[in-house]
Amino acid sequence: MDLLANLAAPVAGAAASLAGGGTPDVLLERPADPAHGDYATTVALRMAPSLKRAPRQIAEEIAQRIGSGGDIASVEIAGPGFINLRLSPTWYRNAVTRIRVDGDRYGAGRHDARRNVLVEMVSANPTGSLTAGSARNGAYGDAVARLVAFAGHDVVREYYFNDAGVQIDRFGESVRARKRGEEPPEGGYPGPDPIALAAEIDLPGDASIAEWSAAAVPIMFERIKATLARLRIDVDIWFSERDLHASGAIARAIGTARAAGHVYERDGAVWLATTPFGDDKDRVLIKADGSTTYFAADLAYIEHKFARGHDRLLYILGADHHGYVGRLKAAAACLGHEPASVEVPIYQMITVSGERMGKRRGNVVTADELIDAIGVDAARYFLVARSHDQAMDIDLDLAVAQNSENPVFYVQYAHARAAKLLRDAGRSTATSWAYDPRPQENTLVKRLAEWPAVVREAAELRAPHRVVGYVHALAGDWHRYHHDGKVDPTLRVVNDDADARDFRLALTEVVATTIRTALALVGVAAPDAM
RNA sequence: GCCCCCGUAGCUCAGUGGAUAGAGCACAGGCCUCCGAAGCCUGGGGCGCUAGUUCGAUUCUAGCCGGGGGCACCA
């Protein structure tokens, strides 16, 4: 149930009949100034150029065709051609009932063209604990996955890792070095993980690197899984790069690209011609020494994902991987797939006190440390509260100090207050009321009415921070309403007017439900008490 | 040199063409015998610069200036 879409429909109809065909989008906006009505649209201004007529005149004619009555109490034209709508009490009352019917599915989408989406996220190799950077990847990727699913698509979450090869060797060697009381080798892992693992693993210092790796990697993997579980991230598929090699998928993918004419040889190496599809340069698949590149595995992995029936591949990557975007899309194209079906949302870097971190730099703040410091709810909220296009910095001491004033508690508290009311006063029993809602209540209903559009855009733009912004605003509206009831007894939810009380309980319920739904989309709990 | 992201209030950030640009924190002050003060209210302060497109630009385009991240026969 998208209340605003329903409201916009007659306006769009009037506009279309005036334009005689091409229907412009009618967006209903909430004017900052209440004198401009409940909702406003600029459709007349947008139509003016193509109709070659004065926008104000167009607005007048649209207004005339809409008329008033029913949901629309009045239509006014203002300024250069704004159409301002005022809604009737009936609309507000019915809105609450309709939202209530949808319950925790309010705002959810249904799609004729349902996509089968694979979201690949985190994908950190098991050579150390998950960093705060990986936590951002996971928090962002998981929120995107939840949003896309809520929007009505099928979603699978996948974690791609490499548990063989040079990095794993260096990791095993680093652990062994610690066991021997030595420093990690050049290009190894200087952080605390190898030190801890060396103490835990019962192997002699002269055991082989392979033995050390085989012992250390599974332990590391279990820790990564435990951290993701703490973050409330459910990975559906763990995919090992090794399987691509073992199954012959790499050779097959290269064969497919070769058959399509995109593979050539030069300087003793085998190349994929990605440049024609927008990549900066062609990429090597098989090196002169006969070994395959990481990119060859990427190529095979893309083919593997499509072969599993996914038609939209999301790669959640950090800004340090932005160079991959072009080559991944080009690789898909070389395999005969639509480049746009590969989508790479890039999130900006996370730094610690202004410094870039890295497992091989040894200056890591781990995801667990972040969770230990501020809790899971605050961590997940914090990690997606800002746009993924925004770089963020973590000062762990500051984060702890500011924990109690983390905005997540503002939202959770709003939910707890509403839940308390419903606990004490019971639920609404009616589905229609004679009560004319007060302006404070209309404000809440209008906010609720925005939710389907907010969640739809957040899903399309892969922008979960919009959900956070919305739920914060909704919580603020609720806090104010709640407070108004303390100042003005006639605005209390619990009062003597049975009809008003029942309506307000219904409103309380849909506010609580929508807060819960929104928080769930970003992996944050909505406690009934705190 | 080329590519991506960012530049909005003292700080951290919302706001992807519309009528008076918002929030949190910080700062100053007010509100609990009253549905939870983890709350509410009031106040000061802001779109990096220059052109362009448009009836209208914080929003789109170009250039410039700042900050971050990339440009492997590494993984």
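The chains referred to below are lettered A, B, ... by the order of the sequence lines, with proteins before strands, and numbering in each begins at 1.
- For the OP1/OP2 pair of B:C41 and a distance below 4.0 Å, the side-chain nitrogens and oxygens of A:Arg480 include at least one atom meeting the criterion.
- Within 4.0 Å (heavy atoms only), A:Ala425 reaches no atom of the nucleic acid at all.
- Scanning residues 495-512 of chain A for heavy-atom distances under 4.0 Å to RNA chain B yields an empty list.
- Contact check, A:Arg386 against B:C6: no side-chain N or O comes under 4.0 Å of OP1 or OP2.
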Where do N or O atoms of nucleotides 57-62 of chain B meet protein N or O atoms at under 3.5 Å, pair by pair?
none

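- For the pair A:Lys420 and B:G39, the criterion of a side-chain N or O lying under 4.0 Å from OP1 or OP2 is not met.
- Glycosidic conformation of B:C32 is syn; the angle stays within 90° of 0.
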Dump every N/O contact between nucleotides 23-30 of chain B and the protein below 3.5 Å, one line per pair.
none

Pull out every protein N or O sitting under 3.5 Å from an N or O of nucleotides 19-21 of chain B, one pair per line with the distance.
{"from": "B:A19", "atom 1": "N6", "to": "A:Asn84", "atom 2": "OD1", "distance (Å)": "2.7"}
{"from": "B:A19", "atom 1": "N1", "to": "A:Asn84", "atom 2": "OD1", "distance (Å)": "3.3"}
{"from": "B:A19", "atom 1": "N1", "to": "A:Asn84", "atom 2": "ND2", "distance (Å)": "3.2"}
{"from": "B:U20", "atom 1": "O4", "to": "A:Asp33", "atom 2": "OD2", "distance (Å)": "2.7"}

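- Legend: residues meeting salt bridge (Lys or Arg N to Asp or Glu O under 4.0 Å) with A:Arg56, ordered by chain and number and at least two apart, are absent.
- Using a 4.0 Å heavy-atom cutoff across all strands shown, A:Ala529 reaches at least one base atom of the nucleic acid.
- Residue A:His483 contributes atom NE2, which lies 9 Å from atom P of B:C32 at whole-angstrom precision.
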### Task
Quick one, give me the B/S/- string for nucleotides 67-72 of chain B, reading 5' to 3', where B means a protein heavy atom under 4.0 Å from the base and S means that only happens at the primed atoms, P, OP1 or OP2.
-BBSSS
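- To the nearest whole angstrom, the two P atoms, one in B:C64 and one in B:A26, are 41 Å apart.
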